[in-house]
Amino acid sequence: MGEINHFEYGWITPALSYALSVLGSALGLVCAGRIRTATGAGQRAWWGLLAAWALGGTAIWAMHFMAMLGFAVAGTRIRYDVPLTAASTVIAMGAVGIGLAIVGTGRLTATRLLAGGFFTGAGVAAMHYTGMAAMRLDGTLGYDPLRVTLSVVIALVAATVALWLAMTVRRGVAIIASALVMGIAVNGMHFTGMSALSVHLHEGRGATSGGTEVSGLLVPIVLAVVFGVVGLVYALLAAPSDDDRAGAAYVAARLDGASPVAEAEPAPDPVGLRARSAPAASTPPPATPDPVGLRARSTLAQPGAQFPSRRNPDRRP
């Protein structure tokens, strides 16, 4: 019986695995929330794909691989089969995608929730044990049936709760709290399944053949996770929020409800600009009254004009 160590590097790997599961759960919950507010089938499919990547690819599979970095068996080296490792990623994302498609179309009912939780939980368990089957070491793997069953039950319950949270949690503190709970559930399922494992080393041990060292998979997987998380964050920041859509709908409603502006009447012309700008008429305009005697006063400037007097000329001195 080989001696198994689940924490070869101490608490670094379980802490990082929990952080990845919480980060992926939070991003997945936000993306799943966008599915409910999507206006078309294309948008729902897009946000469903992003949610499946966040939950299945980051919160579940990347967490599983990070935790496996701390797994070691005394007396043998561990290598990983690349096709099976890639297949475990597809299983995780596909299971979450199917679950979201079941609960995200139509009204959320108990039947839909249980069906989606069953498919997703079974997929998570299949991902875990497919990833375990990808290990290549100089020994034979054995499992305790009771603990395997317990891990599958945890996966089913955790998947059902995760889907319910994805369809009901809105924003803010509720998303953070839900992500913390989902991280505990995902890690609990993983380490319960790992506790069911036993390794029986071969008698004539030699070099482990087949597969790739964990160091060869670490760099591409870390890069995929980093670029995936950055892409998810960018997609969430670039997409309009609920407040943005509400504001756009309000502006559109105001524009549609506004009455057309009537043609304005000509403005008054108090200073006679139109008359001044018009061309001179062929006939002179009629004379206007001169109530204040401006014409008479204007003769003062003419040579020989008599100075006007206010005295009555018929009055004797």
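Predicted model, so just to flag it, every value in this text is computed and none were measured. Below, each value reflects all heavy atoms present in this structure, side chains not excepted, and no hydrogens, waters or symmetry copies.
Minimum heavy-atom separation, S88 to G131: CB-N, 4.1 Å. Among all heavy-atom pairs drawn from V186 and M63, the shortest one is CG1-SD, 3.6 Å. When all heavy atoms of L100 and A51 are compared, the closest pair comes out as CD1-CB, 3.5 Å. Of all the heavy atoms in S178 and V169, the pair that sits closest is OG-CG2, 3.5 Å. When all heavy atoms of L50 and A235 are compared, the pair lying nearest together is CD1-CB, 3.9 Å. T130 and L84 get closest at one heavy-atom pair: CG2-O, 3.9 Å.
Annotation: side chain of L27 is not in contact with side chain of T58 (no heavy-atom distance under 4.5 Å). Under the 4.5 Å side-chain criterion, counting only non-hydrogen atoms from C-beta, F7 is in contact with F191. Counting heavy atoms from C-beta on, the side chains of V73 and L201 come closer than 4.5 Å. The closest side-chain heavy-atom distance from E213 to R77 is below 4.5 Å. Inter-residue side-chain proximity for H6 and I4 is flagged as met; some heavy-atom pair is nearer than 4.5 Å. Proximity of M135 to M68: side-chain heavy atoms (C-beta onward) are separated by under 4.5 Å at one or more points. Taking the side chain as every heavy atom from C-beta outward, M127 and W61 approach each other to under 4.5 Å. At a threshold of 4.5 Å between non-hydrogen side-chain atoms, the residues L113 and T109 do not count as touching.
From L16, atom CG reaches atom CG of L23 across 12.0 Å, with rounding to the nearest 0.5 Å. One distance of note links CG of L150 with CZ of R147; it measures 9.0 Å at 0.5 Å rounding. Remark: R79 CZ to L137 CG distance equals 11.5 Å, nearest 0.5 Å. Remark: S198 OG to L141 CG distance equals 8.0 Å, nearest 0.5 Å. Note that OG1 of T192 and CD1 of I154 are 3.5 Å apart. Values are rounded to the nearest 0.5 Å. In this structure, OG1 on T89 lies 8.5 Å from CE on M93, to the nearest 0.5 angstrom.
Within a 6.0 Å radius of CG in L180, more than 12 heavy atoms belonging to other residues, nucleotides or ligands are found. In this structure, F71 places its CZ atom where more than 12 heavy-atom neighbours from other residues, nucleotides or ligands lie under 6.0 Å away. More than 12 heavy atoms of other shown residues, nucleotides or ligands fall within 6.0 angstrom of atom CZ in F65. A 6.0 Å sphere centred on OH of Y143 holds more than 12 heavy atoms belonging to other residues, nucleotides or ligands.
Listed for the R44 side chain is no donor-acceptor partner under 3.5 Å among the backbone atoms of I35. Looking at T120, its side chain does come within 3.5 Å of a backbone N or O of A95 through a donor-acceptor pair. Panel note: side chain T13, backbone Y9; no donor-acceptor pair is recorded below 3.5 Å. Between the R34 side chain and the W47 main chain, no donor and acceptor come within less than 3.5 Å of each other.
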Take L197 and M132, measure what side chain to side chain contact (heavy atoms under 4.5 Å, CB included) needs, and give me the verdict at the end. CA-CA 9 Å; L197 177 66; M132 297 299 296; 3.4 Å; yes
Intermediate values then yes/no, side chain to side chain donor-acceptor pair (under 3.5 Å), N187 and S21: CA-CA 8 Å; N187 281 264; S21 61; 3.1 Å; yes
Going through the distances and angles, do M189 and V124 end up as a side chain to side chain contact (heavy atoms under 4.5 Å, CB included)? CA-CA 9 Å; M189 179 269 162; V124 171; 4.2 Å; yes
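F227 has its ring centre no less than 6.0 Å from the ring centre of Y234.
Grouping the Ile, Leu, Val, Met, Phe, Trp and Tyr side chains by contacts below 4.5 angstrom, directly or via other members, places Y80 apart from V90. Hydrophobic clustering of Ile, Leu, Val, Met, Phe, Trp and Tyr side chains at less than 4.5 Å, counting indirect connections, unites W53 with L237. Linking Ile, Leu, Val, Met, Phe, Trp and Tyr whenever their side-chain heavy atoms come within less than 4.5 Å leaves L49 and M167 in two separate clusters. Under a hydrophobic clustering in which Ile, Leu, Val, Met, Phe, Trp and Tyr are joined whenever their side-chain heavy atoms come within less than 4.5 Å, directly or via other members, L156 and V181 fall into different clusters. V226 and L20 fall within the same hydrophobic cluster, defined by Ile, Leu, Val, Met, Phe, Trp and Tyr side-chain heavy atoms under 4.5 Å apart, directly or through other members.
With M182 as the fixed residue, the side chain to side chain contact (heavy atoms under 4.5 Å, CB included) test singles out one of L55, V22, V161: L55.
Ring orientation note: the planes of H128 and H64 are nearly perpendicular, at an angle over 60° on the 30°/60° scale.
Defined by atom type and a distance below 3.5 Å, a donor-acceptor pair is present between the side-chain atoms of Y129 and S151.
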